[in-house]
Amino acid sequence: MSTLAIILYILGVIVIVGLAVYAVTLLKRLRYQNQLRQQAVKKRVDRIDESIITIAKGMQQDQCPLSEGCLRIVVLLDHRPESTEYDYSKDYPAMHDMYERIKHMPTHENRKKFPKQKIKELDKEREGYEVELKEVILADVEKLLREFPTR
């Protein structure tokens with residue numbers, strides 16, 4: 001073997017080793033980033049679940065209006081990662097029914113844009129739904145609290 005061939009061979013080995021080291025470094029970095037992402041997702045889901053439990057307990061103890069609790073819980077359930085494949089309305093039909101009935105009603109700052117008479121009408125409508133659906137919503141709340149145990 002000539003000197004040139006030996007030099008090219010050594011250079012080739014150096015390049016391959018360098019690329020291998022770089023690939024291992026990138027794989028470690030990717031693994032670390034995936035771990036961070038999984039931790040962030042878990043933390044977010046834990047916060048969502050904690051909020052769901054808190055709101056459900058508030059509804060159960062009459063500290064949160066049923067309509068407001070349904071609005072909040074349905075939105076939170078929709079923010080859980082599996083909600084793209086899983087339909088929570090099958091598990092909690094009464095809460096979703098309430099949500100569908102009142103989701104068009106203005107909340108927070110939007111309420112101020114409506115005449116007081118219209119807001120009174122909407123509030124009366126919403127309160128009627130709360131009376132009508134109270135028992136089935138509270139049954140959904142019970143079921144939800146069994147399925148989302150406190151950690």
Side-chain donor-acceptor pairs under 3.5 Å in residues 126-133, sequence neighbours left out?
residue, atom, partner, partner atom, Å
Arg126, NH1, Ser67, OG, 3.4
Arg126, NH1, Glu130, OE2, 3.4
Arg126, NH2, Asp123, OD1, 3.3
Tyr129, OH, Glu125, OE2, 2.7
Glu130, OE2, Ser67, N, 3.1
Glu130, OE2, Ser67, OG, 2.5
Glu132, OE1, Arg101, NH1, 2.9
Glu132, OE2, Arg101, NH1, 3.2
Glu132, OE2, Arg101, NH2, 3.2

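One distance of note links CG of Asp87 with CD of Glu82; it measures 12.0 Å at 0.5 Å rounding. Between Arg80 atom CZ and Asp78 atom CG the span is 11.5 Å, to the nearest 0.5 Å. Atom CG of Asp140 is separated from atom SG of Cys70 by 7.5 Å, given to the nearest 0.5 angstrom. Note that CZ of Arg146 and CG of Leu144 are 9.5 Å apart. Values are rounded to the nearest 0.5 Å. Rounding to the nearest 0.5 Å gives a distance of 11.5 Å between CG of Asp49 and CD of Glu147. Between the CG atom in Leu66 and the CD1 atom in Ile102 there is a gap of 9.5 Å [rounded to 0.5 Å].
Checked options Arg44, Lys43, Lys42; the residue passing with Asp46 is Lys42 (criterion: side chain to side chain donor-acceptor pair (under 3.5 Å)).
In this structure, Leu4 belongs to a hydrophobic cluster whose other members, linked by side-chain heavy atoms under 4.5 Å apart, are Leu8. Residue Tyr22 belongs to a hydrophobic cluster whose other members are Leu26, with links defined by side-chain heavy atoms closer than 4.5 Å. Connectivity analysis of hydrophobic side chains (ILVMFWY, heavy atoms under 4.5 Å, direct or indirect) links Tyr32 to Leu36.
Pairs passing the ring-ring contact (aromatic ring centres under 6.0 Å, His included) check and including a residue from residues 63-98, sequence neighbours excluded, read Tyr86-Tyr88. Note on residues 65-75: pairs passing salt bridge (charged side-chain N to carboxylate O under 4.0 Å, His left out), not counting sequence neighbours, are Glu68-Arg72.
The shortest non-hydrogen separation linking Leu145 to Ile53 is CD2-O, 4.0 Å. Smallest separation of non-hydrogen atoms from Ile73 and Ile52: CD1-O, 4.1 Å. Nearest heavy atoms, Pro106 versus Arg111: O-CG, 3.3 Å. Nearest approach of Leu138 to Gln60, heavy atoms of both residues: CD2-CA, 4.3 Å. Between Met95 and Val74, the closest heavy-atom pair is O-CG2, 3.9 Å. Nearest heavy-atom pair, Ser51 versus Leu76, reported as atom, atom and distance to 0.1 Å: CB-CD1, 3.7 Å.
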| query | Given Asn34 and Arg31, is the side chain to side chain contact (heavy atoms under 4.5 Å, CB included) satisfied, shown in steps? | reply | CA-CA 5 Å; Asn34 282 337; Arg31 187 176 300 128; 5.8 Å; no
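In this structure, the side chain of Lys103 does not engage the main chain of Leu71 through any donor-acceptor pair within 3.5 Å.
Hydrophobic cluster membership differs between Leu27 and Leu19, with clusters built from Ile, Leu, Val, Met, Phe, Trp and Tyr side chains linked at under 4.5 angstrom.
One finds a salt bridge joining Glu109 and Lys112 here, because a Lys/Arg side-chain nitrogen approaches an Asp/Glu carboxylate oxygen to under 4.0 Å.
Ser83 places none of its side-chain heavy atoms less than 4.5 Å from the side chain of Leu77.
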